[in-house]
Undergrad: 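To start, I am sharing the structure in question, which I have written as C-alpha cells.
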Amino acid sequence: MAQEDIFKKIVAHCKEYGFVFQSSEIYDGLSAVYDYAQNGVELKNNIKKYWWDSMVKLNENIVGIDSAIFMHPETWKASGHVGAFSDPLIDNKDSKKRYRADVLVEDYIGKLEDKIEKEVVKGRKKFAEGFDEEQFRATNVNILRNKTKIDDINSRFVAALEADNLEEVRQVIIDLGIVCPVSGTANWTEVRQFNLMFDTKLGSVADDANTIYLRPETAQGIFVNYLNVQKTGRMKLPFGIAQIGKAFRNEIVARQFIFRMREFEQMEMQFFVRPGEEMEWYNKWMDTRLKWHKALGFDQDNYRFHKHEKLAHYANAASDIEFRFPFGFKEVEGIHSRTDFDLSQHQKHSGKKLQYFDPELNKSYVPYVIETSIGVDRMFLLTMAAAYDEEVVEGGETRVVLRIPPALAPVKLAILPLTKKDGMPEKAREIMKTMQMDFNCQYEEKDSIGKRYRRQDAIGTPYCITVDHQTLEDNTVTLRDRDTMQQERVAIADLFNIVNNKVSMRNLFEQIL
Ligand code: GAP
C-alpha cells in the first residue's frame with residue numbers, strides 16, 4: 001500500500017477510535033489545532049510519563065518544574081524570539097499557495113538523499129554478501145555526485161539565510177527548478193520573513209506596553225528559573241531542569257495532521273554544564289535520547305540523526321532525531337548545544353546575575369546548556385504510525401491492530417464476560433474492581449467476543465481476559481495476547497503479576513539505564 005494511503009488510514013483511525021479529533025469540529029474545525037480524545041489522552045499521558053520519569057526519576061541531578069505560559073515580554077526580546085523567530089515565506093502566484101522557503105529546499109534535498117539510499121539498496125542487492133556499505137558510499141559515482149550537489153545547495157542556502165539575503169534565498173529556489181506542487185509553475189513571489197509568535201494583551205488597557213506573547217517554546221521558563229532552582233535545590237553542575245508544557249506558534253504551513261500544529265506540547269530539558277564541557281555532554285545526550293526512542297522496540301532502521309547546517313541563533317551545534325514517518329524522514333526531537341546564550345541574554349536584559357559559583361574551580365561563570373527538546377504530539381504521531389498494522393488472520397479477514405508498546409497503551413486490560421448471564425458479568429465486575437486500582441481497564445459485554453477482541457486490538461490493548469463458565473468453577477480466566485492472539489488459562493490470583501510484568505515502564509527503563 002502507498003505510504004500516503006497508510007497515512008490517511010492512520011488519521012482516520014485516530015478519529016474513529018477516539019484518539020484525536022479536529023478542534024471545534026462542529027464549527028468546521030480550526031486549522032492545525034487538535035483535541036485528544038478518550039484513548040488519545042491516555043496514550044499522550046503515558047508518553048509524557050515515560051519521558052518525565054526517564055529524566056526526573058532516573059537522574060538524581062535532573063529536577064522538574066512547571067512554569068507559566070505567559071512570561072514577562074522582555075523574556076522574548078532577550079531570547080531573540082522578537083527579532084529572529086521567523087520563517088522565510090514564499091508564495092506561488094498561480095496557485096496562491098504559501099510555502100516555507102527552507103522547507104521547499106529541504107524537500108528538494110530529501111529527494112536527493114532518497115536517490116542515494118536507493119543506490120545503496122541496489123548495491124546491496126548486486127554485491128550481496130561481499131557488500132561493503134562504507135566503501136560503496138565513498139566510491140559510487142552517482143552517490144558522490146548527489147552528495148556534492150547536496151553540499152553545494154546547503155552551503156549556498158545556509159549562507160543566504162545567515163546573511164538574511166532573501167533575494168538569494170529566492171534565487172536558490174529558482175535555480176534548483178523547484179516548482180509549486182499544486183500549480184506546477186515556478187512563478188514565485190519575493191521571500192518575506194514572518195514572526196511566528198502569537199501575541200495578546202495583558203489587562204484592560206490596549207496599548208503596546210501590555211502586549212505579551214504565548215510562549216513559542218517552554219525552554220525560556222526554565223532559563224528564567226535557573227537560579228531559583230539551583231539555589232533552592234542546592235544543585236551542583238552538571239544538572240538539568242525538565243519541563244512539559246504547551247507552546248504556541250503561528251505556523252504558516254500547517255501540514256500533516258498533528259505533525260505541525262499551532263498549539264502543541266513540548267518536553268524540554270536544559271542541562272547546565274561547565275563551559276568547555278558542552279560537546280562531551282551534547283554527544284552523551286544524543287546517545288541517551290536515541291536509546292530512549294529505540295527502547296520502544298519499533299523498527300530500529302526508522303531512526304536517524306540529522307545534523308543542522310544552519311544553526312539557530314542560540315546554538316553552536318545541533319542535531320535532530322528523525323523518524324521515518326509515512327511522509328518521509330522528519331524531525332521528532334532536537335538536541336541543541338545552546339552555549340551560554342540564553343542565560344547571558346537574560347542576565348543582560350534583567351540586570352540580575354545568573355552565574356554559578358564552581359567550588360572546584362573557585363570561580364563564578366555563566367553555565368553552558370545542552371537542550372533536549374521533543375514534541376509530545378510528534379511523539380504521539382510517531383507511536384501511532386509505527387504501531388499501526390493491518391494483518392490478515394485465519395479465514396482471510398483483516399484485523400487492524402495497534403502494536404503500541406504495552407507501557408504506553410491507553411488501556412492495559414479489557415475484561416470481557418463471555419455472555420451477559422449466569423453470573424459472568426458479576427464475576428467480571430469483581431475482577432474489574434481490583435484490577436482498575438492499578439491499571440486502566442475496560443469492561444465490555446456488548447457484541448460477540450470476536451468483535452470485542454477486534455475493538456481492543458484497534459486501540460492497542462495488550463491483554464483481554466474472558467470470564468466464562470469455568471471461571472465460576474475454578475477462578476481462572478482466558479488471557480488473550482494482542483500480538484500473538486494466543487490464549488491461555490490463568491488464575492485470577494496471578495493476573496496482577498502477569499499484567500504488571502507486561503505493561504510496566506520498567507521494561508523500557510531497563511533498556512536505557
Ligand atoms: N527549545 C527548542 C525548540 O523549541 P524546536 O526544534 O523549534 O526547538 C522542538 O522544537 C520540538 O518541538 C520539535 O522537534 C518538534 O518535535 C516540536 N515542535 C516544534 N514545532 C512544532 C509544531 N508546530 N507542532 C508540533 N510540534 C512541534
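Both counts, for ligands and for their atoms, begin at 1 and track the order of listing.
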Undergrad: Of the choices Q256, E333, M261, which has the non-hydrogen atom that lies closest to atom 23 (N) of ligand 1?
TA: M261

Undergrad: Starting from atom 7 (O) of ligand 1, find the nearest protein heavy-atom neighbour and note its residue, name and distance.
TA: R249 NH1, 2.8 Å

Undergrad: Counting heavy atoms only, which part of E331 comes closer than 4.0 Å to ligand 1: side chain, backbone, both or neither?
TA: side chain

Undergrad: Which atoms from ligand 1 have a heavy atom of V332 less than 4.0 Å away?
TA: 14 (O), 15 (C), 16 (O)

Undergrad: Please say whether more than 12 non-hydrogen atoms of neighbouring residues, nucleotides or ligands are located less than 6.0 Å from CD in E134.
TA: no

Undergrad: Hey, what's the ring geometry for F248 with F198, parallel, tilted or perpendicular (30° and 60° as the breaks)?
TA: perpendicular

Undergrad: What protein heavy atom sits nearest atom 9 (C) of ligand 1, and how far away is it?
TA: S373 OG, 2.9 Å

Undergrad: Could you tell me whether G375 and ligand 1 have an N or O pair separated by under 3.5 Å?
TA: yes

Undergrad: Report yes or no: is the cationic atom of R289 (NZ for Lys, CZ for Arg) closer than 6.0 Å to the six-membered ring centre of W285, at no more than 45° off its axis?
TA: no

Undergrad: So for D377, does at least one of its heavy atoms come nearer than 4.0 angstrom to any atom of ligand 1?
TA: no

Undergrad: Is ligand 1 under 4.0 Å from a heavy atom in the side chain of R338, in the backbone, in both, or in neither?
TA: side chain

Undergrad: Considering E371, E251, H308 one by one, which has a heavy atom nearer to atom 2 (C) of ligand 1 than any of the others?
TA: E371

Undergrad: Can you check whether K97's main-chain N or O pairs, donor with acceptor, with N92's side chain at less than 3.5 Å?
TA: no

Undergrad: Quick check on R215 - does any of its heavy atoms sit under 4.0 Å from an atom of ligand 1?
TA: no

Undergrad: What class does the angle between the rings of H293 and Y303 fall in, given that below 30° is parallel, 30 to 60° is tilted and above 60° is perpendicular?
TA: tilted

Undergrad: So which atom in P410 and which in I459 form the shortest heavy-atom distance, rounded to 0.1 Å?
TA: CD-O, 3.6 Å

Undergrad: Pick one of side chain, backbone, both or neither for how T218 approaches ligand 1, counting any non-hydrogen atom pair under 4.0 Å.
TA: neither

Undergrad: Starting from atom 25 (C) of ligand 1, which protein heavy atom do you reach first, and at what distance in Å?
TA: F259 O, 3.3 Å

Undergrad: If the cut-off is 4.0 Å to any non-hydrogen atom of E217, which atoms of ligand 1 fall inside it?
TA: 1 (N), 2 (C), 3 (C), 4 (O)

Undergrad: Number the atoms of ligand 1 from 1 as they appear, then name those within less than 4.0 Å of a heavy atom of H336, with their elements.
TA: 2 (C), 8 (O)

Undergrad: Please state which option from F264, F85, Y34 has its nearest heavy atom closest to atom 26 (N) of ligand 1.
TA: F264

Undergrad: Will you find, in the side chains of K93 and T189, an N or O donor that is under 3.5 Å from an N or O acceptor?
TA: no

Undergrad: With under 30° as parallel and over 60° as perpendicular, where do the rings of F327 and F325 fit, or are they tilted in between?
TA: parallel

Undergrad: What is the nearest protein non-hydrogen atom to atom 12 (O) of ligand 1, stated with its residue, atom name and distance?
TA: Q266 NE2, 3.3 Å

Undergrad: Once the angle between the rings of Y314 and F341 is folded into 0 to 90°, is it parallel (under 30°), tilted (30 to 60°) or perpendicular (over 60°)?
TA: tilted

Undergrad: Less than 4.0 Å is my threshold; does some heavy atom of M379 fall inside it relative to ligand 1?
TA: no

Undergrad: Indicate, with yes or no, if the rings of W292 and Y50 have centres closer together than 6.0 Å.
TA: yes

